[in-house]
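Quick caveat, the model's predicted, so the values are computed rather than measured. The sequence lines fix the lettering, A, B, ..., with proteins before strands; numbering per chain opens at 1.
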Amino acid sequence: MGDVMVMNEIEATASRLGIDQSQIDLDSIRLPPGDNFGIISDDEDVYEDDQLEFDSGFGNIIVVGNLPVVTKEKFEKLEGVIRKIYSQIGVIIDDGLWMPVDPQTHKTLGYCFIEYNTPQEAELAKEKTNGYKLDKAHIFAVNMFDDFDRFMKVPDEWGLPEFKPYMPGDNLQQWLTDEKARDQFVIRAGSDTEVLWNDARHLKPEPVYKRTYWTESFVQWSPLGTYLATVHRQGAAVWGGADTFNRLMRYAHPQVKLIDFSPGEKYLVTYSSHEPSNPRDANRVVINIYDVRTGKIMRDFRGSADEFAVGGTGGVASWPIFRWGGGKDKYFAKLGKNMISVYETETFSLIDKKSLKVENVMDFSWSPTDPILSLYVPELGGGNQPARVSLIQIPGKEELRQKNLFSVSDCKMYWQSSGDYLAVNVDRYTKTKKSTYTGFELFRIKERDIPIEVLELDNKNDKIIAFAWEPKGHRFAVIHGDSPRPDVSFYSMRTAHNTGRVSKLTTLKGKQANALFWSPSGHFIVLAGLKGFNGQLEFYNVDELETMATAEHFMATDIEWDPTGRYVATAVTSVHEMENGFNVWSFNGKLLYRTLKDHFFQFLWRPRPPSFLTPEKEEEIAKNLKKYSKKYEAEDQDVSMLLSEQEREKRKMLKDEWEKWVNEWKLLHEEEKLERQGLRDGEASDEEEEYKAKDIEVEEVLDVTEGGSSFR
Amino acid sequence: MRPILMKGHERPLTYLKYNKDGDLLFSCAKDHTPTLWFADNGERLGTYRGHNGAVWCCDVSRDSMRLITGSADQTAKLWNVQTGAQLYTFNFDSPARSVDFSVGDKLVVITTDPFMELTSAIHVKRIAGDHTEQTSDSVLTLKGPQGRINRAVWGPLNRTIISAGEDAVIRIWDSETGKLLKEADKEIGHKKTITSLSKSADGSHFLTGSLDKSAKLWDSRTLTLIKTYVTERPVNAVTMSPLLDHVVLGGGQDASAVTTTDHRAGKFEAKFFDKILQEEIGGVKGHFGPINALAFNPDGKSFSSGGEDGYVRIHHFDPDYFNIKI
């Protein structure tokens with residue numbers, strides 16, 4: 001309505017002034033800068049920016065409180081300290097620092113005013129130093145001078161705060177209550193991003209929510225599946241809701257490139273890297289850590305890319321830079337030069353205010369469940385000082401276990417998902433130093449004194465192509481050997497008669513595989529030959545040590561198990577031009593359905609939070625599976641009956657429809673017969689020919705039998 | 001049955017055409033000589049020499065006496081099928097892309113490509129009963145829409161002309177007045193270049209194949225979309241069985257990208273679909289490049305395919321084929 005009114009007014013004004021509207025090129029009109037003539041832009045972000053006000057003229061002044069109260073003698077010193085802190089952030093104008101003094105006692109009053117050149121500097125100074133710890137007793141409280149005015153206006157009389165009725169929020173975990181216990185997944189193809197149910201019973205996905213241009217680079221589920229994060233030029237956003245996807249929170253971070261959730265999805269880490277103004281400098285990196293629910297920045301890190309690139313290759317930081325650990329989002333740690341910086345989320349500061357010093361540390365990783373770090377230090381001093389792998393307890397920083405290793409070329413650490421075991425894949429040089437061979441150091445974390453066992457492959461010259469622990473289990477799989485047809489071996493950390501020793505279960509010779517994908521519930525594994533192997537898949541049962549199925553998803557690039565371990569999705573993403581799309585398989589290798597999509601970028605199952613069932617209960621269910629599955633089997637049967645019924649009906653409908661067309665055509669053909677004959681100078685009708693064709697068909701069949709007998 | 005491989009062309013195939021009786025097969029390729037084969041055993045009968053550029057299309061008269069070919073040398077030529085003699089040459093200012101005889105063979109529709117300043121065009125010429133009286137006067141010329149017209153054929157009773165091409169829109173024109181009668185809906189129609197168009201035996205419906213990886217079946221009179229067949233690769237060629245409710249789609253990856261991948265990746269198969277249920281029922285492998293041309297023998301018991309690899313393959317169906325149930 002509003003638009004119509006405006007248009008009418010414009011037209012009226014135009015006719016009054018004698019202007020022919022059709023002659024005006026609207027795009028050529030430029031408004032004077034800063035004046036919008038009361039027309040509000042459609043762009044929401046622009047509108048929001050306009051809300052900033054700088055009307056009082058004191059916008060560039062900040063007030064710093066909680067300063068130490070000092071006597072006249074120490075005044076100069078304190079002023080010096082404050083000036084030093086605040087001139088780092090921006091230019092303090094001449095006489096811009098004023099620290100009032102009590103005229104009676106000649107002591108300072110514990111606050112000061114600082115005036116900057118610009119409001120932006122003041123704003124930055126407030127953001128940066130609010131909460132700055134000068135010492136234990138003096139934590140700066142920094143405010144804008146303008147805010148003081150505002151706060152002063154707060155009425156002295158206490159009024160009853162307005163009661164807002166409690167609005168229950170959306171149940172963000174509604175999807176877990178699906179009656180058919182289905183799982184969701186998100187796909188991104190072309191400009192569309194779509195969330196779907198995996199409806200394996202109906203052999204097709206069922207749409208949930210679709211949006212074009214939902215994200216500008218990629219999407220990501222939070223680790224427990226509550227949120228779907230999208231990434232835009234202005235920042236990141238998370239989406240969720242009961243039956244649809246609403247935007248729950250936005251995190252402003254210009255040019256954000258990468259994001260990472262903490263494992264308990266309480267915090268979100270965002271990363272951006274900016275070109276420096278001087279091309280010789282390294283890129284500037286900005287990392288923000290947000291509280292997911294409130295959207296508040298908990299901590300930010302800024303610096304040159306070099307600081308954050310430790311452990312990465314070629315000056316590019318390996319993501320995630322901050323690795324979360326210790327369970328319940330308690331700690332996060334970053335690899336630095338000769339140190340590991342471990343932060344705690346209670347205060348978002350370094351544990352004990354200092355980083356963990358480790359000379360030449362190359363890599364570290366967290367135990368998935370406990371506050372234990374494993375770290376790897378390479379050989380130093382030309383082999384005089386051995387390489388070592390250590391386990392460090394956080395927050396105490398005590399070394400729990402250490403293992404020295406000799407003539408090491410490389411080390412990779414693999415934690416088992418429940419933190420029971422740590423496998424360290426060690427590449428060592430042979431005596432001649434010309435080649436390397438491989439061994440494993442296996443740590444049993446949960447046992448007393450953390451015993452270490454050394455495992456070497458049958459042929460220790462084999463290259464390790466892939467390694468994977470069974471989730472929640474005690475077995476692991478290794479692909480080793482030479483590329484065209486490597487071997488796959490399975491080992492167990494315990495066997496029935498010998499719980500303390502690792503033993504080999506089996507070796508499968510000559511498999512076309514280069515990647516391992518364990519089912520999230522263990523027992524089953526997919527041996528996949530991605531990329532060079534054209535998407536060979538082998539579904540293997542590790543309990544029975546037998547192959548359940550072999551299949552191929554030609555050119556497959558990605559494989560992902562659904563969070564329950566019931567289905568496997570294989571996808572061809574747009575690294576290839578052809579065949580883009582995804583297949584969904586049952587856990588035992590039966591192809592359920594396939595979907596083709598051009599420009600296919602991502603396939604991600606929606607994760608589920610861990611089950612509330614106790615291990616005992618889970619075992620009980622596994623034992624009495626027959627009893628529990630009865631209900632679902634009946635449902636399955638109903639569905640398949642319904643499906644075949646629907647299918648039959650659909651076919652009948654299609655056949656009938658076609659029949660209608662054919663009859664219509666026959667009729668028209670008949671009608672036009674004479675005319676057509678006329679066009680052909682009265683040549684024979686077409687119908688005759690049809691009979692002929694049928695005759696020949698019979699003849700053909702006879703031909704074949706005859707030919708066979710005469711040959712004999 | 002084993003397919004018959006015919007290596008008579010030096011360059012990629014462009015078009016295949018059976019005569020009405022189904023005993024002769026004409027093949028056109030990017031080399032300059034259309035070739036005639038026995039449709040039954042693949043024996044070569046002869047070639048038609050005279051073109052000076054790739055031959056894009058051909059059509060044969062109902063009595064198998066006349067052949068017309070359209071070529072990139074900016075001519076369409078009329079031939080005597082039996083002797084291989086050139087009867088007449090229609091000269092144009094741009095390459096001739098498609099040719100089609102009308103019912104009764106008294107008219108022919110020829111399309112020409114956009115070239116230099118010229119837009120694409122559809123020309124209707126009268127074919128004289130006696131070739132010595134043949135003239136190059138056009139009965140009707142339609143200045144085409146944007147982009148190349150890949151195929152133009154006659155509608156029922158020669159009353160309309162159906163055209164399709166690069167702009168992915170199918171159009172029906174009045175063949176008397178040249179007026180545009182119908183245009184396929186952009187929403188339901190093809191999304192990319194239409195590469196091929198094939199009429200049913202009685203002309204009541206036709207099938208189009210497109211680079212958008214689908215083929216669509218349309219009613220010739222009303223231009224109603226009846227069926228859509230979705231496949232995994234760009235469709236270069238389509239045909240339908242005159243005997244059973246099957247359609248065949250051929251294609252593959254773009255010729256320029258072929259050498260960079262495994263031949264399996266290109267999917268150079270001829271895919272069979274159930275015409276009514278729109279479901280894939282099978283495939284015939286063999287070519288080492290995309291399939292550019294497909295034709296069904298009018299008796300419905302064999303079909304031939306021509307590929308970018310320069311081979312023509314004639315496939316006679318096994319008896320099992322006629323008993324396929326889905």
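In this structure, the portion of A:D598 lying under 4.5 Å from any heavy atom of chain B is its side chain and not its backbone. If you measure heavy-atom distances from B:D105 to chain A, you find no contacts under 4.5 Å at all. Only the side chain of B:T224 comes within contact range of chain A, judged by heavy atoms closer than 4.5 Å. For B:L107, no part lies near chain A; criterion is any non-hydrogen pair under 4.5 Å.
Proximity to chain B at a heavy-atom threshold of 4.5 Å picks out A:L654, A:K655, A:W658, A:W661, A:W665 from residues 654-665 of chain A, in numerical order.
Heavy-atom contacts from other residues, nucleotides or ligands closer than 6.0 Å to CZ of A:R211 number more than 12. The environment of CD in B:E176 is sparse: at most 12 heavy-atom neighbours from other residues, nucleotides or ligands sit within 6.0 Å. Within a 6.0 Å sphere centred on CG of A:D192, other residues, nucleotides and ligands contribute more than 12 heavy atoms. More than 12 heavy atoms of other residues, nucleotides or ligands lie within 6.0 Å of NZ in B:K191, so this atom counts as buried by the packing criterion.
Between B:P156 and A:E672 the shortest heavy-atom distance is CB-OE1, 4.0 Å. A:L679 and B:V103 get closest at one heavy-atom pair: CB-O, 4.0 Å.
Separation of atoms CG (B:D202) and NE2 (A:H669) is listed at 5.0 Å; rounding is to 0.5 Å. The CD1 atom of B:I276 sits 12.5 Å away from the CE atom of A:M653 when rounded to the nearest 0.5 Å.
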